[in-house]
Each structure stands twice: as structure tokens, then as C-alpha cells.
Amino acid sequence: MSRTIDLTLPDLTGKRALVTGGSDGIGLGIATRLAAAGAEVVLPVRNPAKGEAAAATIRERVSGARVELRALDLSSLESVAALAEDLNNDGAPIQLLINNAGVMTPPERQSTADGFELQFGTNHLGHFALVGGLLPLLRAGKARVTSQVSIAANSGAINWDDLNWEKSYNGMRAYSQSKIAFGLFGLELDRRSRAGGWGITSNLSHPGVAPTSLLAARPELGRGEATGGRGLIGTMSRLGVVVGTAETAGLPALLAATSPVSAGTAGSTGTAGEFFGPSGLGHLGGAPGPQKLYSRLRSTVDAERIWAASEKLTGVSFA
């Protein structure tokens with residue numbers, strides 16, 4: 001069933017779109033669809049070889065695709081700042097930003113180049129700093145910013161007393177925290193844009209569950225084998241049962257980034273425009289659509305608190 005699900009994108013000719021995590025999996029599918037709709041796609045990548053392969057794949061699938069590679073390691077604030085500086089020097093406004101990249105559940109605690117717990121530092125703080133650094137270009141492009149969270153943001157909590165998990169470590173709880181923080185940031189960005197007249201709309205998406213590289217063996221994360229449920233998820237995906245595919249899992253982000261209904265609402269109840277995901281059983285797969293906002297993402301107090309903490313930790317201010 002999931003194999004027949006699709007989405008018609010509007011004409012994106014003349015728009016510049018930046019997609020993090022676009023060198024494989026869901027991100028590559030998102031970038032390919034944006035290019036097919038006419039967008040100029042910027043792919044910031046950590047691995048140049050994977051980036052070149054991804055760009056070649058997009059050009060092979062989309063005649064005349066405009067794809068530009070840039071260097072980015074979201075686990076390094078220096079790398080984030082360098083990309084922002086390069087793009088700001090170019091001066092080309094950005095109309096679409098899809099914050100899709102992420103890492104998931106290293107079995108042992110790992111740190112970013114700046115000493116943050118890897119998932120919190122990459123999934124949330126790296127993107128926070130990126131959006132802050134690109135703010136002039138996003139404002140110039142009256143951009144739509146879509147931040148990819150996870151169904152993991154519907155469980156767990158922010159470990160306010162130990163944001164970097166230095167006292168103890170649980171991989172899944174740290175992953176949930178990173179996605180809750182990221183979701184709170186995405187909604188707070190919309191509120192601050194509206195209050196400050198920045199011209200940016202910001203919303204959230206989640207991909208449901210699909211057999212992607214997040215679940216695969218990742219030796220660089222200390223995970224020598226695929227996660228326990230990876231085989232079952234792959235089988236269910238092939239059969240079109242409950243979960244999605246790598247292609248359908250990218251559709252909620254595409255809907256959030258391009259549909260008029262997803263222009264952002266700055267509300268707190270999950271009304272149309274705030275949050276998008278698969279609409280099937282358990283929101284694990286199925287057609288993309290608006291969804292009720294997870295309870296952990298509704299607190300404006302928590303959003304302001306994580307924003308302040310993120311500014312302090314990264315040294316990036318949106319003032």
C-alpha cells in the first residue's frame with residue numbers, strides 16, 4: 001500500500017533549497033524531489049565522496065537538475081559557521097530549508113568537536129547554529145524552515161539538569177531529548193519570526209518509521225550491527241505493511257516545506273501548518289498530512305528555555 005503513496009509538489013523554479021542530510025536515505029529522496037520540481041538544491045555534506053555520489057544520482061534522475069555541494073559537519077560549530085559565512089558571502093537568498101540530518105543512539109556516549117553529547121549537539125545544536133547563521137539569507141528569501149523531528153519526540157523528556165548526559169547516558173533517552181529540543185526550537189522560531197517580522201515560517205515534520213541508515217550498522221557511532229528491529233522494519237516496508245519506505249518517509253517534510261497549508265501557525269495544539277507526518281496506523285507510515293502536536297512540544301516555557309540554553313551553548317544569537 002505504501003508504495004502507491006505520493007505527493008505532487010508545486011513548481012519550485014527560481015527557489016533555492018538547502019537540505020541537510022541529503023547524501024543518502026530520506027534526505028536524498030527529499031533533495032531529488034525538490035530538484036525535480038525545479039528548485040536549485042544546496043547539499044551541505046560531511047563526506048565529500050558521498051556528496052558527489054548523491055549529486056550524481058540526482059542529476060541522473062532529474063534532467064537539468066541544479067545541485068550544489070557544500071561542506072558541513074553539524075557536529076562542529078566551526079564547520080557550521082564556515083558554511084554560513086560562505087553562503088552569506090554568496091548572498092543568494094534561501095527560500096526553503098529542510099533540517100533533516102541526524103544521528104541516532106550510539107551505544108556509548110560520544111561527544112561533538114565542541115564537547116556536546118553527540119545527538120544533542122548534532123541533531124539540535126548544530127541545526128540551531130545553522131539557522132542562526134543563515135538568518136539573513138532566510139529573511140531575504142522569506143523562507144520556509146522545516147525541521148525533521150521523530151516519533152521519539154513523543155516520549156522521554158529534556159534532561160534539564162544534564163543536557164549533555166555527562167552524569168549518566170542512555171542512548172534512546174538522549175535521542176528523544178535531541179528531537180524534543182529540536183521540535184521546541186522549530187516552533188519557537190516561527191513565534192519569534194512572527195513577533196519580530198522576520199518573514200520566516202517554521203514548522204515540523206516527522207518521517208514515521210522506515211528502513212533507513214539511522215537504523216543500520218554505523219561503525220563510526222560504535223554500532224557494529226543494525227538495530228534489533230531493523231530487519232523486521234525492512235520486511236514490513238517491502239510488504240507495504242504499517243511502516244513506510246525511504247521514499248514515502250520523506251513526503252511529510254516535502255509537504256511541510258512546500259504546501260500552502262503548512263505556512264506555520266505558532267499555535268500549541270497541532271493545528272494545520274505546525275506538524276506533519278504519516279497518517280497511517282500509529283503514524284508509522286501512510287500518506288502525509290497534518291498531525292496533532294506531541295505533548296512534549298507544546299510548552300512555550302520549555303521552548304524559550306531551550307532557546308536560551310542553545311544560545312548560551314553555541315554562542316549563536318538571533319538578535
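All values derive from a computational prediction rather than experimental measurement.
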Check your understanding: Minimum heavy-atom separation for Tyr169 to Pro107, with atom names?
Key -> CE2-O, 3.8 Å

**Study point:** Heavy-atom donor-acceptor pair, Arg33 side chain to Leu7 backbone, under 3.5 Å
**Key:** yes

Review point. With side chains defined as the heavy atoms from C-beta onward, is the minimum distance between Ser23 and Leu28 less than 4.5 Å?
Key: no

Check your understanding: With the 4.5 Å side-chain cut-off for hydrophobic clustering, are Ile151 and Ile158 part of the same group?
Key -> yes

Practice item. Could you tell me whether a side-chain N or O of Asn164 sits under 3.5 Å from a main-chain N or O of Glu166, the two making a donor and an acceptor? Key: no

Check your understanding: Do the non-hydrogen side-chain atoms of Tyr175 and Val103 ever get within less than 4.5 Å of each other?
Key -> no

Practice item. May I ask you to test the Thr146-Asn99 pair for a side-chain heavy-atom distance under 4.5 Å? Key: no

Check your understanding: Under 4.5 Å between side-chain heavy atoms, hopping through other hydrophobics if needed: is there a path connecting Trp165 to Leu163?
Key -> no

Point to revise | Contact summary for Ala54 and Gly22, nearest pair of heavy atoms | key: CB-O, 4.0 Å

Check your understanding: Taking only residues two or more places apart in sequence or in another chain, which ones pass side-chain hydrogen bond (donor to acceptor under 3.5 Å, both in side chains) with Asp114?
Key -> none

Review point. Side chains of Val41 and Leu43: closer than 4.5 Å at any heavy-atom pair?
Key: yes

Practice item. Go through Ser111 and Arg109 one step at a time and tell me if the side chain to side chain donor-acceptor pair (under 3.5 Å) criterion holds. Key: CA-CA 7 Å; Ser111 297; Arg109 185 188 183 279; 2.8 Å; yes

Point to revise | Heavy-atom pair of closest approach, residues Thr112 and Ser75 | key: CB-O, 3.1 Å

Study note, to complete from the structure: Of all heavy-atom pairs linking Gly21 and Ala101, the shortest is N-CB, 3.4 Å

**Study point:** CG-CG distance between Leu72 and Asn47, expressed to the nearest 0.5 angstrom
**Key:** 12.5 Å

Study note, to complete from the structure: d(Leu9 CG, Leu255 CG) to nearest 0.5 Å is 9.0 Å

Check your understanding: Taking only residues two or more places apart in sequence, or in another chain, which ones meet Trp307 in a side-chain hydrogen bond (donor to acceptor under 3.5 Å, both in side chains)?
Key -> Glu311

Check your understanding: With a 4.5 Å heavy-atom cut-off, do Arg298 and Lys292 have their side chains touching?
Key -> yes

Point to revise | Test: Arg144 and Asp190 ion pair at under 4.0 Å | key: no

Check your understanding: By salt bridge (Lys or Arg N to Asp or Glu O under 4.0 Å), which residues pair with Arg70, not counting sequence neighbours?
Key -> Glu68, Asp90

Show me the side-chain donor-acceptor pairs of residues 124-142 shorter than 3.5 Å, one per line, residues at least two apart or across chains.
{"residue": "His124", "atom": "NE2", "partner": "Ser310", "partner atom": "OG", "Å": "2.7"}
{"residue": "His127", "atom": "ND1", "partner": "Asn123", "partner atom": "O", "Å": "3.0"}
{"residue": "His127", "atom": "NE2", "partner": "Thr20", "partner atom": "OG1", "Å": "2.9"}

Point to revise | Reported CD-to-OG distance for the pair Glu304 and Ser299, which is rounded to 0.5 angstrom | key: 8.5 Å

Check your understanding: Would a 4.5 Å heavy-atom cut-off, applied to side chains only, mark Asp302 and Trp160 as touching?
Key -> yes

Practice item. Check whether any side-chain N or O of Ser193 sits under 3.5 Å from a backbone N or O of Ile200 as a donor-acceptor pair, and report yes or no. Key: yes

Review point. Quick check: does any side chain N or O of Ser76 sit under 3.5 Å from a backbone N or O of Ser79, one acting as donor and the other as acceptor?
Key: yes

Check your understanding: Taking atom OG of Ser205 and atom CG of Leu254, what is their separation to the nearest 0.5 Å?
Key -> 8.5 Å

Exercise for review: Taking Gln119 for its side chain and Ala174 for its backbone only, find out whether a donor-acceptor pair lies under 3.5 Å.
Suggested key: no

Review point. Is the shortest heavy-atom distance from the side chain of Thr122 to the side chain of Asp73 under 4.5 Å?
Key: no

Exercise for review: Before giving the answer on side chain to side chain donor-acceptor pair (under 3.5 Å), spell out for Asn100 and Gln148 the whole-Å C-alpha distance, their side-chain angles and the decisive distance to 0.1 Å.
Suggested key: CA-CA 5 Å; Asn100 166 76; Gln148 186 91 285; 3.2 Å; yes

Review point. Only one of Leu18, Val67, Val19 forms a side-chain contact (heavy atoms from CB on, under 4.5 Å) with Leu34, so which one is it?
Key: Val19

**Study point:** Residue list, side-chain hydrogen bond (donor to acceptor under 3.5 Å, both in side chains) with Thr13, at least two apart or on another chain
**Key:** Asp11

Check your understanding: In Å and rounded to the nearest 0.5 Å, what is the OH to CD1 distance from Tyr294 to Ile180?
Key -> 10.5 Å

Check your understanding: Linking I/L/V/M/F/W/Y whenever any side-chain heavy atoms sit under 4.5 Å apart, do Val62 and Ile26 land together?
Key -> no

Study note, to complete from the structure: Sorted by chain and number, sequence neighbours left out, side-chain hydrogen bond (donor to acceptor under 3.5 Å, both in side chains) with Glu188 holds for Arg191, Arg192

Study note, to complete from the structure: Rounded to the nearest 0.5 Å, the CG atom of Leu83 sits from the CD atom of Glu78 at a distance of 13.0 Å

Check your understanding: Donor-acceptor pair, Thr105 side chain versus Gly171 backbone, under 3.5 Å?
Key -> no

Check your understanding: Is any side-chain heavy atom of Ser279 less than 4.5 Å from a side-chain heavy atom of Pro288?
Key -> no

Exercise for review: Can you see which heavy atom on Phe116 is nearest to which on Gly121, and at what distance?
Suggested key: CB-CA, 3.9 Å

Study note, to complete from the structure: Of Phe275, Phe182, Phe276, the one forming a ring-ring contact (aromatic ring centres under 6.0 Å, His included) with His206 is Phe275

